[in-house]
J.: 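Have a look at the structure that comes next, please.
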Amino acid sequence: MQQPNAPQARQILKIQSIFGLILTIIALPFGSPVAISVLIGAGTCWLANALLVVWVFRAYRAQAPERVVLRFYSAEVAKIALILALFGVAFAIYDELNIPALLGAYFLVQVIPTLIAAQTGSRTQ
């Protein structure tokens with residue numbers, strides 16, 4: 001059985017990937033360090049959310065709702081660990097990292113696509 005919000009979660013991931021690429025293109029005139037920082041921030045957000053969607057919205061048994069709750073919390077912990085690891089690698093490897101661009105892109109990719117999906121009524125029944 002598939003959870004009822006799985007199609008909406010996949011739709012949000014699709015919007016996040018497109019929005020992240022648009023942000024990266026918009027950042028290109030500000031120089032490659034800013035554009036790369038935006039790409040890293042957007043990519044980190046997308047990867048972390050994709051991990052969460054795969055982990056939480058896989059097949060489940062409705063007879064064990066407590067396992068779904070445990071799965072959700074485990075996925076959130078894994079998501080946070082992945083974000084910290086990816087940001088740590090970015091800080092360690094890329095010397096010209098623009099932190100405001102990185103964090104701004106992460107925040108925008110996290111928030112805006114969710115608002116877009118809610119406004120466009122992308123919830124499929």
Side-chain angles (χ1 to χ4, degrees):
M1 176 181 238
Q2 186 179 26
Q3 293 183 9
N5 291 333
Q8 183 181 23
R10 283 192 217 98
Q11 179 68 19
I12 290 171
L13 280 176
K14 189 183 308 182
I15 296 169
Q16 283 181 332
S17 64
I18 294 167
F19 189 70
L21 291 174
I22 290 169
L23 285 177
T24 304
I25 292 168
I26 290 170
L28 283 173
F30 298 100
S32 62
V34 173
I36 291 170
S37 298
V38 167
L39 184 61
I40 292 169
T44 297
C45 182
W46 186 86
L47 279 173
N49 286 325
L51 171 71
L52 183 100
V53 167
V54 167
W55 197 316
V56 171
F57 291 105
R58 65 181 186 254
Y60 77 105
R61 295 182 56 205
Q63 293 82 7
E66 67 280 353
R67 297 184 101 192
V68 174
V69 173
L70 178 62
R71 183 188 302 180
F72 179 78
Y73 285 123
S74 300
E76 278 294 334
V77 169
K79 176 183 171 180
I80 292 168
L82 179 63
I83 292 166
L84 292 174
L86 291 174
F87 280 171
V89 168
F91 289 133
I93 292 177
Y94 192 59
D95 291 331
E96 297 180 344
L97 194 66
N98 185 309
I99 295 173
L102 174 94
L103 297 176
Y106 179 89
F107 178 77
L108 290 173
V109 169
Q110 182 68 39
V111 173
I112 301 298
T114 306
L115 295 175
I116 291 170
Q119 291 299 318
T120 59
S122 67
R123 180 177 289 219
T124 56
Q125 301 292 330

J.: Should Val69 and Phe72 be counted in the same cluster of Ile, Leu, Val, Met, Phe, Trp and Tyr side chains packed under 4.5 Å apart?
T.: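 Same cluster.
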J.: Any side chain to side chain donor-acceptor pair (under 3.5 Å) pairs touching residues 88-101, not counting sequence neighbours?
T.: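 Side chain to side chain donor-acceptor pair (under 3.5 Å) check on residues 88-101 returns no pairs.
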J.: So which atom in Trp46 and which in Leu13 form the shortest heavy-atom distance, rounded to 0.1 Å?
T.: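 Taking every non-hydrogen atom into account, NE1-O, 3.0 Å.
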J.: Indicate, with yes or no, if Val109 and Val38 share a hydrophobic cluster defined by side-chain heavy-atom contacts under 4.5 Å among Ile, Leu, Val, Met, Phe, Trp and Tyr.
T.: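 Linked, Val38 and Val109 end up in one cluster.
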J.: Minimum heavy-atom separation for Ser37 to Ala101, with atom names?
T.: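 Minimum heavy-atom contact is CB-CB, 4.0 Å.
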J.: Can you give me the closest heavy-atom contact between Pro113 and Ile12, atom names plus distance?
T.: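 Shortest heavy-atom contact: CB-O, 4.2 Å.
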J.: Would you mind listing every side chain to side chain donor-acceptor pair (under 3.5 Å) that reaches into residues 75-88, with sequence neighbours excluded?
T.: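 Matches after skipping sequence neighbours: Asn49-Lys79.
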J.: Grab the two heavy atoms, one from Ala105 and one from Ala42, that are nearest each other, plus how far apart they are.
T.: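 Answer, listing the atom of Ala105 first, then Ala42: CB-N, 4.0 Å.
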J.: From Leu102 CG over to Phe87 CZ, what is the distance, rounded to the nearest 0.5 angstrom?
T.: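 Those atoms lie 4.5 Å apart.
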J.: Indicate the atoms forming the closest heavy-atom contact of Ala78 with Trp55, along with that distance.
T.: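 Closest pair (atom of Ala78, atom of Trp55, distance): CB-CZ3, 3.3 Å.
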J.: So, taking the atom named CD1 in Ile18 and the one named CD1 in Ile15, what distance separates them when rounded to the nearest 0.5 Å?
T.: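 It is 7.5 Å, given to the nearest 0.5 Å.
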J.: With a cutoff of under 4.5 Å between side-chain heavy atoms, which Ile, Leu, Val, Met, Phe, Trp and Tyr residues group with Leu39?
T.: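 So far as hydrophobic clustering goes, Leu39 is joined with none.
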J.: Following the transitive rule for hydrophobic clusters with a side-chain heavy-atom cut-off under 4.5 Å over Ile, Leu, Val, Met, Phe, Trp and Tyr, establish whether Ile116 and Leu108 coincide in one cluster.
T.: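 Ile116 and Leu108: one cluster.
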J.: So if you build clusters from Ile, Leu, Val, Met, Phe, Trp, Tyr with side-chain heavy-atom gaps below 4.5 Å, do Phe91 and Leu84 land together?
T.: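 Different clusters.
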J.: How long is the straight-line distance from OG1 of Thr114 back to CD of Gln16, given to the nearest 0.5 Å?
T.: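 Result: 6.0 Å between the selected atoms.
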J.: Find the distance between CD1 (Ile83) and SG (Cys45) and round it off to the nearest 0.5 Å.
T.: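 Answer for the CD1-SG pair, Ile83 versus Cys45, is 7.0 Å.
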J.: For Phe107, does the CZ atom sit with more than 12 other heavy atoms under 6.0 Å from it, leaving out its own atoms?
T.: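 Atom CZ in Phe107 is not packed in, count stays at 12 or less.
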J.: Do you reckon Leu52 sits in the same ILVMFWY cluster as Leu86, going by side-chain contacts under 4.5 Å, direct or chained?
T.: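 Linked within one cluster.
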